[in-house]
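When reading the values below, keep in mind they use all heavy atoms of this one structure, side chains included, and skip hydrogens, waters and symmetry mates. Order of the sequence lines fixes the chain letters, A, B, ..., with proteins taken first and strands second; residue numbering starts at 1 for each chain.
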There are 2 protein chains.
Amino acid sequence: MIYNIRNGIMFEPFTLKDIAKALGLSTSTVSRALRDTHEISPETKKLVLDYAQQINYRPNPIALSLKERRSKSIGVSLSEVANQYFAQVVNGIESIAYDRGYHVIITQTHEFYEREKVNIQHLASRSVDGLLVSLSAETTDTSYLQNLHQRGLPMVFFDRVTDQINTHQIIANNVKGAFEATEYLIKQGCKRIAHLTSSAHLSISSERLNGYKQALAKYNLPFNEAYIKYCAHGGMFQEETDISVRELMNLKEKPDGLFVASDRLSIGALAVFKELKIKVPQKMVIAGFCNSDVLDLMCPTLTSVRQPAFEMGQIATDMLLNLIESKYPVHDFEKKILDTSLSVRNS
Amino acid sequence: MIYNIRNGIMFEPFTLKDIAKALGLSTSTVSRALRDTHEISPETKKLVLDYAQQINYRPNPIALSLKERRSKSIGVSLSEVANQYFAQVVNGIESIAYDRGYHVIITQTHEFYEREKVNIQHLASRSVDGLLVSLSAETTDTSYLQNLHQRGLPMVFFDRVTDQINTHQIIANNVKGAFEATEYLIKQGCKRIAHLTSSAHLSISSERLNGYKQALAKYNLPFNEAYIKYCAHGGMFQEETDISVRELMNLKEKPDGLFVASDRLSIGALAVFKELKIKVPQKMVIAGFCNSDVLDLMCPTLTSVRQPAFEMGQIATDMLLNLIESKYPVHDFEKKILDTSLSVRNS
DNA sequence: TTGAAAGCGCTAACAG
DNA sequence: CTGTTAGCGCTTTCAA
């Protein structure tokens, strides 16, 4: 192995020029040799390839990106990878992206609009060929995304989507999932079912609220606005969850069942109930959207709506790469809805 | 807002040249105006800034990287973000990196050596300015890293470190943490304490094994090789954990206590005990390294050694950025050891 | 078959 | 104060 010591301190990978100089060739010849064109003599080619191998030459992808005006990488914006659901989505994304020669850059919003905007602007400013986006809980203004989209940056929304931008969307069947979870609570005998959910302007929130309402309606239970608690940052701050749950439990007509809209909120709510010494599920039956494996092991076990997170990541990525690699402008967009499954783990 | 329609399909951000042409200036003037040098007239500057603002101009970071031969981004290699410990580390990393103007690219090894190598090679050639590495469970050969290091790529190891590369390291006090967890089990009355751990060649594994042995020694308990179970992929595949736990429970002298070396293994082991209908903690007391918030809510609660994950990420990043930005070669490296805390949550 | 030269977007040295 | 030019690493005409 030969080391590049042009500069003692900085990390300086080998370049075409290094090879050319060492071999007394021109850079274009070296480039051709490495890229397997026909217009090159077998000897030169072998010479170059051997030497490149020896010094472990790697083409500089930055230079390539600049030249080809694409980076073979995609950007992802999501709330946080500590959330099991999103971690699974990421695995799905990577599984497809790597197969197709793309790299993945993940950014976290932690549910803040400003962070999301900064992250996405940076991703877009050239380093990525496309975007996979799940909106933050705070986001209401998507104009910066509309901008990028109008200017031709391919993007696909997953999970938390917006109709303000005409492109592919992939979501779970939130309405049905919420319906089933609520129905489960009703069948457990709950009469006063509360709903703890994320920010009101998220697509998932309204979809899940709908499913919840439909279930109540089907079983002739009244809808009570006081039973709906929104957490503006999706329970990012435990305080949000804490206040919401306590308010619910301070109502004159205390709820006896709770439908929770997410992973994080479920965990947060359980913590509060534990503090309040309210027994789950004896005093409070809980069901909700949750993809955490750990919760499988929980006692009090809680029934959960599972989303096909890995698959969602895969499909979203496939859609995005197809957009990116499409030769022609795409105008036909799809809204894909994947089935959820109710995993009953009651006490 | 003005749209760039040089090309109807592709996403073509504005360039300096676009601005220059529109304003009848040269690209260098525009560049200067945007970068706030003194050698520019206020009028020209205002003209350019206003126009740039109007079209929402962003400099192309790829071109910048190519020019400056650094990307203002750092690469991270870790096993998987679905692991709460690593998710917390990532948050720590990002908190520092963003403050100092760096972007973070996360790659997951899923405990595979090959994946790690490919990821890191790509990060390096893609001109990340430095690397934060926590080795995969499979990794024994670090020569490709030594290579990059010798050629001047700054790197800092965290959590799963190697002494084969002379650079900063940051780890938790694994010996002490393991000692305390084991001691806790002993004080609970356990006589036959098993140890479920990750791959044998990980630094964390040997450190934690040491602490475990020291505790046994202090309390005059015999060390029994049969009680040590390694999972080559850190429990990445539940089968590994499953087999290990079953083997332990098939021993003639069944263990009555278990010290588990990680998050994932704890969760996996609990699942097996549940399947085997072995009551925790009545029949099996468990303590182990774990940073999962969710486990706080678990019943059977298990006692855990907590690592200051967020802080580790912060410190590692600070160290790395100092290396990157250092004007002179650094030869003094530090091995930082952070304290763990035992969080007793017994039945 | 090979080399010279231009250009991707940007900055910086050098002229004017 | 502003424009021209060269160069970061690479590919791709165009000439030879």
Go through the side-chain N and O atoms of [X] and [Y] and say whether any donor and acceptor fall under 3.5 Å apart.
X: A/R100; Y: A/N322; value: yes
X: A/T142; Y: A/Q164; value: yes
X: A/R69; Y: B/N60; value: no
X: B/D163; Y: B/Q169; value: yes
X: B/S28; Y: B/S31; value: no
X: B/Y102; Y: B/E94; value: no

Could you tell me the separation between the [atom1] atom of [X] and the [atom2] atom of [N], rounded to a whole number of Å?
X: B/H38; N: C/dA12; atom1: NE2; atom2: C1'; result: 15 Å
X: B/D18; N: C/dG7; atom1: CG; atom2: P; result: 16 Å
X: A/I62; N: D/dT11; atom1: CD1; atom2: C1'; result: 17 Å
X: A/K45; N: C/dT2; atom1: NZ; atom2: P; result: 11 Å
X: B/L64; N: D/dC8; atom1: CG; atom2: C1'; result: 11 Å
X: A/L16; N: D/dC10; atom1: CG; atom2: P; result: 4 Å
X: B/L23; N: D/dC1; atom1: CG; atom2: P; result: 18 Å
X: B/N60; N: C/dG7; atom1: CG; atom2: P; result: 18 Å

Can you see if the side chain of [X] gets near the phosphate of [N] - specifically, an N or O under 4.0 Å from OP1 or OP2?
X: A/Y57; N: D/dC10; answer: yes
X: B/S65; N: D/dC8; answer: no
X: A/R35; N: D/dT12; answer: yes

* To do: For A/T44, report the nucleic acid contact type (base, sugar-phosphate, nothing); a contact means any heavy atom under 4.0 Å.
  =>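 The answer is sugar-phosphate, as A/T44 gets under 4.0 Å only of primed atoms, P, OP1 or OP2.
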* Asked: Is B/L66 touching bases, backbone alone, or none of the nucleic acid, heavy atoms closer than 4.0 Å?
  ->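 Base: the residue B/L66, judged by heavy atoms under 4.0 Å, touches a nucleobase.
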Close N/O contacts between protein and nucleotides 3-7 of chain D (under 3.5 Å):
| unit_1 | atom_1 | unit_2 | atom_2 | d |
| --- | --- | --- | --- | --- |
| D/dG3 | OP2 | B/S26 | N | 3.2 |
| D/dG3 | OP2 | B/S26 | OG | 3.3 |
| D/dG3 | OP2 | B/T29 | OG1 | 2.4 |
| D/dG3 | N7 | B/R32 | NH2 | 2.7 |
| D/dG3 | O6 | B/R32 | NH1 | 3.0 |
| D/dG3 | O6 | B/R32 | NH2 | 3.1 |
| D/dT4 | O4 | B/S28 | OG | 3.2 |
| D/dG7 | N2 | B/K67 | NZ | 3.1 |

* Inter-end axis angle, the helix from C/dT1-D/dA16 to C/dG16-D/dC1, with every axis fitted to five base pairs (rounded, 10 degrees) ->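 The end-segment axes of the helix from C/dT1-D/dA16 to C/dG16-D/dC1 are tilted 60° relative to each other.
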Side chains of residues 74-81 of chain B: which donor-acceptor partners sit under 3.5 Å, not counting sequence neighbours?
| unit_1 | atom_1 | unit_2 | atom_2 | d |
| --- | --- | --- | --- | --- |
| B/E80 | OE2 | B/R264 | NE | 2.7 |
| B/E80 | OE2 | B/R264 | NH2 | 2.6 |

* Mutual orientation of the aromatic rings belonging to A/H122 and B/H103 [parallel < 30°, tilted 30-60°, perpendicular > 60°] ->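 Parallel: the ring planes of A/H122 and B/H103 meet at under 30°.
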* Asked: Is there a donor-acceptor pair closer than 3.5 Å between any side-chain N or O of A/T109 and the backbone N or O of A/S136?
  ->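 Looks like no, no N/O pair under 3.5 Å.
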